[in-house]
Number of protein chains: 2
Amino acid sequence: MQLSKRCEYALRALIDLGLAHAAGRSHVPLPELAAHENLPARFLEQILQELRARGWVGSRRGQAGGYALEAHAEAISIGDVVRHFEGPLAPIRCASVTAYERCSCPDEEHCGLRLLMVEARAAISRVLDAQTLADVVAVTRRTRRRAGLDLPFLPPEGDA
Amino acid sequence: MQLSKRCEYALRALIDLGLAHAAGRSHVPLPELAAHENLPARFLEQILQELRARGWVGSRRGQAGGYALEAHAEAISIGDVVRHFEGPLAPIRCASVTAYERCSCPDEEHCGLRLLMVEARAAISRVLDAQTLADVVAVTRRTRRRAGLDLPFLPPEGDA
DNA sequence: ATAATCCCTATTGGAGAAGTCGGGATTGAC
DNA sequence: GTCAATCCCGACTTCTCCAATAGGGATTAT
């Protein structure tokens, strides 16, 4: 049930951009993101391009360029990000809501396995589809603040 | 979040063996299992060997041989079967209970993503770890009976 | 002009998924 | 004792995807 690194890094990058936005920062350059998250820059770049193509992230070139959230953080559901990188949430296709596919078993309708997996998929969806990027960003900010830590991605002297 | 075919077939085979047991059948030969589930026999065989090695399934050779449940169906949790084939239930390692691993992010403790994934893993576990093979078999039998269908894997004339 | 940035395409190395195949060892029935 | 059905074991293949690396082009603030 593991997520791919692509998906994990994508989520981490989105959260960072959300944090940056919340901190009043506009664009964050790739090197800074990669350094902050300890990720290979070139690989992360690929992923950010994918997020851009998908419309979740915007970019600006040249000096003072970088990446920023394009969509509203409240409009990005974690479930959808996962779906984009991993496909359907359901463990087996015949239990999927968004990508149902008939399975090869003799009696799908009365299959106990399918019924169980429908429950599993519902449980996953209840967590991942209910939470938006904004929620995750908010939790991160709150817990960090409670611990007395300062927030990352502060603007570098007068940033619009 | 998809399960591999290996894992799916393993679960289907286990359920079949559970149904057979419940129907008073002792051993079911591979060809019958494969035909009933529409699965490639040779591949399914591999999987059954794996289930046998793990102690969930027993076998008998020669004529009137085949496979049968070795463990009690109530003792086989679906979550454990999934874990055996797919690894930890948690979407990311730093959210795993049974296979925790530190992640490369700068502040794991206050990471909103991790907290979310801990919830996701809990939700999955609540479904898959709570259900045993016996439960799934029972559901299958019940729903089939309600629909007026007869149960599969009946003993072939006086089977011990 | 220049340095920092994003943008695009290709390639690689390795692992794992999903099977396939050939042949050996047991066992029950006749 | 033979025979057919069955399990047992290990190798092999084919394909896809993952995770990452690499090279070089376009854009933009200073």
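In what follows, every chain begins at residue 1, and chains take the letters A, B, ... in the order their sequences are listed.
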- line: When rounded to whole Å, the NE2 to P distance for the pair A:H27 and D:dA29 reads 11 Å

message: Between P on D:dT16 and CD on B:Q2, what's the gap in Å once rounded to a whole number?
response: 17 Å

task: Could you tell me whether A:R126 and A:E119 make a salt bridge, using a distance below 4.0 angstrom between a side-chain N and a carboxylate O?
output: no

message: Quick check on contacts: within residues 34-43 of chain A, what sits under 4.0 Å from DNA chain D by heavy-atom distance?
response: A:P40, A:R42, A:F43

Side-chain N,O (B:S59) to OP1/OP2 (D:dT6) below 4.0 Å: no

- request: Using a cut-off of strictly less than 4.0 Å, decide whether A:Q63 has a side-chain nitrogen or oxygen near OP1 or OP2 of D:dT28.
  value: no

- line: Here the distance between atom P of D:dT28 and atom CZ of A:R60, to the nearest Å, is 11 Å

message: What I want to find out is whether A:R83 reaches A:D129 closely enough, with some N-O distance under 4.0 Å, to be called a salt bridge.
response: yes

field: Sidechain N-carboxylate O distance under 4.0 Å for A:E70, A:R52
entry: no

- line: Between the CG atom in B:L33 and the CZ atom in B:F153, the distance rounded to the nearest 0.5 Å is 5.0 Å

message: Please report the distance, rounded to the nearest Å, between CD1 in B:I47 and C1' in D:dC7.
response: 16 Å

message: Without decimals, in angstroms, what is the distance between A:Q49 CD and D:dA20 P?
response: 18 Å

- prompt: With distance as the sole criterion, is a donor-acceptor pair present between the side chains of B:E86 and B:S4 under 3.5 Å?
  reply: yes

Nearest-nucleotide 5' precedence on DNA chain D, A:G62 against A:L44: A:L44

- prompt: Quick one: A:E45 CD to D:dA22 P, roughly how many Å, whole number?
  reply: 13 Å

query: Does a side-chain N or O from B:R52 land closer than 4.0 Å to OP1 or OP2 of D:dC8, or not?
result: yes

query: If you measure only the distance, is there a donor-acceptor pair under 3.5 Å linking the side chains of A:Q49 and A:Y67?
result: yes

- prompt: Is B:H21 atom NE2 crowded by more than 12 heavy atoms from other residues, nucleotides or ligands, each under 6.0 Å away?
  reply: no

message: Tell me the interatomic distance from A:L30, atom CG, to D:dA20, atom C1', rounded to whole angstroms.
response: 14 Å

message: Could you see if B:L30 belongs to whatever hydrophobic cluster contains B:L11? Use Ile, Leu, Val, Met, Phe, Trp, Tyr and a side-chain cutoff under 4.5 Å.
response: yes

message: Can you confirm whether B:E109 is buried at CD, in the sense that more than 12 heavy atoms of other residues, nucleotides or ligands lie under 6.0 Å from that atom?
response: no

task: Could you list where the contact with chain B starts and ends along DNA chain C, reading 5' to 3', using a 4.0 Å heavy-atom cut-off?
output: C:dA18 to C:dA29

- request: Evaluate the side-chain proximity of B:H110 to A:L149: yes if any heavy-atom separation is below 4.5 Å, no if none is.
  value: yes

field: B:R12 CZ to B:E37 CD distance, which is reported to the nearest 0.5 Å
entry: 4.5 Å

field: Interatomic distance where CG belongs to A:L48 and P belongs to D:dA20 [whole Å]
entry: 14 Å

- line: What residues 6-20 of chain A contributes to the DNA chain D interface at heavy-atom separation below 4.0 Å is A:R6, A:Y9

query: 5'-most contact on DNA chain C: A:A64 or A:Q46, nearest heavy atom basis?
result: A:A64

- prompt: Just wondering, are more than 12 heavy atoms of other shown residues or ligands nearer than 6.0 Å to CZ in B:R146?
  reply: no

